[in-house]
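Note on naming: letters A, B, ... go to the chains in the order of the sequence lines (proteins, then strands), and numbering restarts at 1 for each one.
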Amino acid sequence: MLDIKRIKENPEKVKEGFLAKEIHCQEELARVLELDALRRDLIFETETQKAEQNKVSKEIPQMKKAGQDTTAIFEKMTQLKAAIAQNDEKLREIEAEYRNLMLSLPNLPDEDLKPGGKEANEAIRYHGEARVFDFAPKHHVDLCTDLGLIDYSRGTKLAGSGFWVYRGLGSRLEWALLNYFIDTHLGDGYELVLLPHMLEYQCGETAGQFPKFADEVYKIANPTDDRMHFMLPTAETALVSLHRDEILTEADLPRKYISYTPCFRREAGSYRSDERGMVRGHQFNKVEMVQYTKPEDSDAAFHELVGKAEALVRDLGFHFRTVKLAAGDCSASMARTYDIEILIPSMNGYKEVSSVSNARDYQARRGNIRFRREETGRPELLHTLNGSGLATSRIFPAMVEQNQRKDGSVVIPEVLRKYLGGLEIIEAQRPR
RNA sequence: GGAGGAGUCGCGUAGUCCGGCCGAGCGCGCACGAUUGGAAAUCGUGUAGGCCCCAAAAGGGUCUCGAGGGUUCAAAUCCCUCCUCCUCCGCCA
């Protein structure tokens, strides 16, 4: 959520920010300002009435004690009460519309971002070089099937298109990746958090999925209870709500969290033919990094997170590039995002394997997440950042494709071998 | 699933039966000050947040005693719904 003061003070600047994101909210902005004015007038009027009500109310016991007649004053109070009730009702309506609109407005992009969409993204650095094959490399679906790592058809049998089953060594490889990520983060002083995988509405509202992007998540209806749960689309959704409605102490910041969770996404209508296999499933495993920081520290934290994601990708032996996303390619809640992209031989061009973002105070305002600044003694909104560190769903296929040998076997990256009993190569095996 | 109990200002509690003197007492914690060579101890003072008015500060107002609604001139206190926690019983990983 944006600061209403920021909108009021400089609506042109806000408009400009939205345009950079290629989002057109002119009407919403105008309406928000209109509602805010209405709201304030109404609050002022109602509170004046309430002050009168309280004042008179305090006089009543004394009048009674003095034996005075209270009939006239009771009548007046009844009228006042009715007027207040009417205003309160009006105010409720206005504030509901106001809050809903405010929640639907996206975050503003940082000023140094290029305006426009994907085409304006900018690769800011490269690491290593793409592998050149001296044979025709196999597609990861074939490799994983031939090596018995992934069972696509049985995944589909169990849960439909977009699901798969890890088998045998495939499961162990997946687990090795996750352990490698987790161990690295633990070494960097992050706290590992294991979370509920089903969340209540408010988590989605704080993180930014609700109300606007509700279609991207799986909702769970409970027949005996009208409270909705949804499957978390990313651990960020839960981690950002961890300290919702809290005031953290300044000395406690930054908070550095990681969590492993499966992530559930509907991905409605987004399937593309070059995304055959594990690249865009409805369920995938991810280790997520989240930081809560003081506002002045969030830029440093952002670079720390980018660096951590890069190190993971690099140490798995990948060539990658880091891309600074243009304003319009950042998601609605984020002020800034860098993607780390690798080449997956079977796919055209670079594909995102990690996305690191700074939400600044956008999520904190939605979730009322603050810290008490020692200098002033007052609570202040903090900044939230998140980054994948990492999701396996693209790393896994990229790894088997990139590390394949002519004979169909796959070399295991060194950093993973200790999780696999020292295994170095996955040999082709008979299908089962 | 059945029966009962409870949620109050960072923590612990008083207040709820009998509505107004309770936005709320006390203890602990914390901050500042006094005392001290310094500290402990002691004493004193202070100690929530949101919103509105105000250019800002100062100040004023308003709302919040788990959440929401109701009764009333007036609700921490009475009524209703919901949430959470605890105890006991049952059932099951």
Side-chain angles (χ1 to χ4, degrees), chain A residues 1-10 32-103 194 196-206 220-229 238 241-253 255 361 363-382:
Chain A
M1 206 153 61
L2 297 177
D3 187 353
I4 183 67
K5 286 195 200 111
R6 200 165 159 192
I7 302 177
K8 266 198 306 211
E9 274 159 22
N10 206 339
V32 156
L33 289 171
E34 189 184 343
L35 285 169
D36 181 58
L38 277 173
R39 178 182 145 258
R40 289 141 70 82
D41 286 351
L42 204 49
I43 287 173
F44 185 70
E45 189 186 332
T46 313
E47 287 193 353
T48 309
Q49 291 170 327
K50 283 181 181 171
E52 171 72 10
Q53 187 182 40
N54 289 340
K55 203 182 107 209
V56 175
S57 192
K58 275 193 188 127
E59 287 164 3
I60 287 175
Q62 276 133 40
M63 291 179 69
K64 281 193 166 172
K65 227 180 266 172
Q68 291 172 334
D69 180 26
T70 51
T71 322
I73 218 163
F74 272 24
E75 187 140 326
K76 193 181 141 204
M77 288 292 273
T78 307
Q79 284 169 13
L80 197 53
K81 194 182 143 192
I84 289 170
Q86 212 175 4
N87 275 349
D88 272 343
E89 177 61 35
K90 232 188 289 175
L91 189 61
R92 248 199 300 274
E93 281 168 27
I94 288 172
E95 293 211 306
E97 187 189 346
Y98 170 77
R99 183 172 162 79
N100 217 36
L101 261 176
M102 285 296 281
L103 283 171
L194 293 177
H197 297 172
M198 297 193 291
L199 304 172
E200 290 187 341
Y201 183 88
Q202 186 62 49
C203 294
E205 182 176 292
T206 297
I220 298 154
N222 186 339
T224 59
D225 184 347
D226 53 10
R227 275 193 301 174
M228 184 268 276
H229 281 83
S241 271
L242 204 59
H243 295 297
R244 170 160 28 95
D245 291 318
E246 289 183 31
I247 301 172
L248 304 178
T249 57
E250 183 175 353
D252 258 348
L253 298 176
R255 293 280 185 124
D361 64 8
Q363 292 176 322
R365 187 170 287 105
R366 289 172 156 252
N368 192 27
I369 315 165
R370 295 170 295 169
F371 73 102
R372 191 179 302 279
R373 192 177 289 278
E374 275 161 27
E375 204 185 315
T376 61
R378 313 215 55 88
E380 214 177 286
L381 291 173
L382 44 73

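Taking atom P on both C51(B) and U13(B), the two are 31 Å apart, rounded to the nearest angstrom. With P as the reference atom, C26(B) and G15(B) are 15 Å apart, rounded to whole Å. Separation of the P atoms belonging to U47(B) and A58(B) is 15 Å when rounded to the nearest angstrom. Comparing the same atom, P, in C83(B) and in G25(B) gives a spacing of 33 Å after rounding to whole Å. Between A24(B) and A34(B), the two P atoms lie 29 Å apart (nearest whole Å). Taking the P atoms as reference points, U87(B) lies 36 Å from A75(B), given to the whole Å. A distance of about 11 Å separates the C1' atoms of G23(B) and U8(B), rounded to the whole Å. Taking atom P on both G27(B) and G37(B), the two are 29 Å apart, rounded to the nearest angstrom.
In Met198(A), the CE atom is not crowded: 12 or fewer heavy atoms of neighbouring residues, nucleotides or ligands sit closer than 6.0 Å. Heavy atoms of other residues, nucleotides or ligands lying less than 6.0 angstrom from CD of Glu59(A) number more than 12.
Qualifying side chain to side chain contact (heavy atoms under 4.5 Å, CB included) partners for Leu381(A), counting only residues two or more places apart in sequence or in other chains: Asp361(A), Ala364(A), Arg365(A), Arg370(A). The salt bridge (Lys or Arg N to Asp or Glu O under 4.0 Å) search around Glu246(A) returns none, not counting sequence neighbours. Residues satisfying the salt bridge (Lys or Arg N to Asp or Glu O under 4.0 Å) test with Glu52(A), not counting sequence neighbours, are Lys76(A). Residues passing the ring-ring contact (aromatic ring centres under 6.0 Å, His included) test with Phe44(A): none are found, sequence neighbours excluded. Applying the salt bridge (Lys or Arg N to Asp or Glu O under 4.0 Å) rule to Glu34(A) yields the partners Arg31(A); only residues at least two apart in sequence or on another chain are considered. Legend: residues meeting side chain to side chain contact (heavy atoms under 4.5 Å, CB included) with Glu75(A), ordered by chain and number and at least two apart, are Gln79(A). Asp252(A) is linked by a side chain to side chain contact (heavy atoms under 4.5 Å, CB included) to Thr249(A), Arg255(A), counting only residues two or more places apart in sequence or in another chain. Listed by chain and residue number, Lys8(A), Arg39(A), Arg40(A) satisfy the salt bridge (Lys or Arg N to Asp or Glu O under 4.0 Å) test with Asp36(A) (two or more places apart in sequence, or in another chain).
Of the residues in residues 87-98 of chain A, those with a non-hydrogen atom less than 4.0 angstrom from any atom of RNA chain B are Arg92(A).
Counting heavy atoms from C-beta outward, Asn87(A) and Lys90(A) have side chains that approach closer than 4.5 Å. A heavy-atom distance below 4.5 Å is not found between the side chains of Phe371(A) and Ile247(A). Counting heavy atoms from C-beta outward, Gln49(A) and Glu45(A) have side chains that approach closer than 4.5 Å.
Of all nucleotides present, none satisfies the Watson-Crick or G-U wobble test against G37(B) with each distance under 3.5 Å. Under the Watson-Crick and G-U wobble criteria, each requiring two contacts below 3.5 Å, nucleotide G44(B) is paired to C32(B). The nucleotide U77(B) finds no pairing partner, because no Watson-Crick or G-U wobble arrangement with both distances shorter than 3.5 Å includes it. In this entry A58(B) has no Watson-Crick or G-U wobble partner, no candidate having both defining distances under 3.5 Å. When Watson-Crick and G-U wobble pairs are counted only if both distances are under 3.5 Å, G1(B) pairs with C89(B). Across every strand in view, U72(B) sits unpaired, with no contact that passes the Watson-Crick or G-U test at under 3.5 angstrom. Of all nucleotides present, none satisfies the Watson-Crick or G-U wobble test against A14(B) with each distance under 3.5 Å. With a cut-off of 3.5 Å on both Watson-Crick or G-U wobble distances, the partner of U84(B) is given as A6(B).
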Quick test: give all pairs of protein nitrogen or oxygen and nucleotides 73-76 of chain B nitrogen or oxygen below 3.5 Å, distance rounded to 0.1 Å.
{"residue": "A74(B)", "atom": "O4'", "partner": "Ser57(A)", "partner atom": "OG", "Å": "3.3"}

Nucleotide N/O of nucleotides 55-57 of chain B paired with protein N/O under 3.5 Å:
none

Report each atom pair, protein N/O against N/O of nucleotides 84-86 of chain B, whose distance is under 3.5 angstrom.
{"residue": "U84(B)", "atom": "OP1", "partner": "Arg227(A)", "partner atom": "NH2", "Å": "3.4"}

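A distance of 4.5 Å separates CD in Glu200(A) from NE2 in His229(A), rounded to the nearest 0.5 Å. Residue Glu89(A) holds its CD atom at 12.0 Å from OG1 of Thr46(A), rounded to the nearest 0.5 Å.
Residue Leu248(A) contributes atom CG, which lies 14 Å from atom C1' of G10(B) at whole-angstrom precision. Atom-to-atom, CG of Asp3(A) to P of G50(B) comes out at 13 Å; the value is rounded to the nearest Å. Taking atom CG of Asp245(A) as the reference point, atom P of G50(B) lies 12 Å away to the nearest angstrom. With rounding to whole Å, Ile247(A) atom CD1 is found 15 Å from C30(B) atom C1'. For the pair Lys50(A) NZ and G61(B) P, the interatomic distance rounds to 15 Å; values are reported in whole Å. For Lys8(A) and C51(B), the NZ to P distance is 11 Å, given to the nearest whole Å. A straight line from CD1 of Ile43(A) to C1' of G50(B) spans 11 Å, rounded to a whole angstrom. The CD atom of Glu52(A) sits 18 Å away from the C1' atom of C63(B) (whole-angstrom rounding).
Along RNA chain B, the nucleotide closest to Arg378(A) and the one closest to Phe44(A) are compared, and the more 5′ of them pairs with Arg378(A).
Taking only side-chain nitrogens and oxygens, Arg370(A) comes nearer than 4.0 Å to OP1 or OP2 of G50(B). Dashed line: the shortest gap from a side-chain N or O of Arg40(A) to OP1 or OP2 of C53(B) is under 4.0 Å. One finds no side-chain N or O of Arg372(A) lying less than 4.0 angstrom from the OP1 or OP2 phosphate oxygen of G10(B).
When distances are taken from the side chain of Ala51(A) to each of U62(B), C51(B), C53(B), the shortest belongs to U62(B).
Nearest heavy atom pair, residue Ser241(A) against residue Cys203(A), reads OG-CA, 3.3 Å. Across all non-hydrogen atoms, the minimal contact from Glu250(A) to Glu375(A) is OE1-N, 4.3 Å.
Using a 4.0 Å heavy-atom distance criterion, Asn54(A) is classed as a sugar-phosphate-only contact.
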